Amino acid sequence: MNTETMSLGEFVKQLAVRMTKAKIAMPFKDERPWHVVLYDLATSDLKPKPEFLKKLQFDWDGPYPRSRDLSDYIHGLHFTGCVSAANPSYGEITLDGNLAKMWSALEVNEDVKKFMDKAMLVAEKKFNG
């Protein structure tokens, strides 16, 4: 995979793997950090930057920018069992260990690695702060 072909789904998977390794909690009920990270990356001048970020649309009807595509994807991961959210609060999601291994084994080029390193710096601030 390279930054030109990386999709929103592949980005979320790579971010989830890295966040799991870094022991950063991934909220499910409060999606704000997910959306803010993606918005910050989409509006940044980071290079290299995946093409999907240019096409991503954000709705500002609430207190933060929100991408329907991102919400749908995160909920799809939960619905299909790729991630789980413990009842009763559905506060955080956890990534299945086998999927984490499979997703982290995906071959990515150097540009994707550099972008994901930068994305993790943004995510660490937004998810922890």
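Note that this is a predicted model, so its numbers are computed, not measured. As a basis for the values below, the full set of heavy atoms in this structure was taken, side chains included, without hydrogen atoms, waters or symmetry mates.
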TODO: Would you please classify the geometry between the F11 ring and the F52 ring as parallel, tilted or perpendicular, with 30° and 60° separating the classes?
DONE: tilted

For L41 and A119, the nearest pair of non-hydrogen atoms, with its separation, is CD1-CB, 3.8 Å

When every non-hydrogen atom of P48 is compared with those of F115, the smallest separation belongs to O-CD1, 3.2 Å

Of all heavy-atom pairs linking K126 and P33, the shortest is O-CB, 3.9 Å

Here the gap from D72 atom CG to L77 atom CG, rounded to the nearest 0.5 Å, amounts to 11.0 Å

Short N-O contact, R18 and D117, less than 4.0 angstrom: yes

The reported gap from CG in L95 to CE in M19 (rounded to nearest 0.5 angstrom) is 10.5 Å

ask   = Hey, what's the ring geometry for F28 with H75, parallel, tilted or perpendicular (30° and 60° as the breaks)?
value = tilted

Closest heavy-atom pair, A100 versus V17, reported as atoms and distance to 0.1 Å, is O-CG2, 3.8 Å

(message) For S67 and Q57, which I'm curious about, is there any donor-acceptor pair between the side chains at under 3.5 Å?
(response) no

On a heavy-atom basis, the closest approach of P63 and R32 is O-NH2, 3.4 Å

Interatomic distance, CE@M116 vs CG@D111, rounded to 0.5 Å, equals 13.5 Å

task: Go through the steps to decide whether M120 and I24 satisfy the test side chain to side chain contact (heavy atoms under 4.5 Å, CB included), and finish with yes or no.
output: CA-CA 10 Å; M120 268 303 289; I24 297 173; 3.8 Å; yes

One should read off an interatomic distance between D69 CG and L38 CG, to the nearest 0.5 angstrom, of 9.5 Å

Query - NZ/NE/NH1/NH2 to OD/OE distance under 4.0 Å, K54 and E51 - result: yes

Scanning both residues in full, the closest heavy-atom pair of S71 with E31 reads OG-OE1, 2.5 Å

| said: Run Q14 and L106 through side chain to side chain contact (heavy atoms under 4.5 Å, CB included) and show every step you take. | reply: CA-CA 9 Å; Q14 292 297 307; L106 182 65; 3.9 Å; yes

- Determine the interplanar angle of the W34 and F127 rings, folded into 0 to 90°, and report it as parallel if under 30°, tilted if 30 to 60°, perpendicular if over 60°. perpendicular

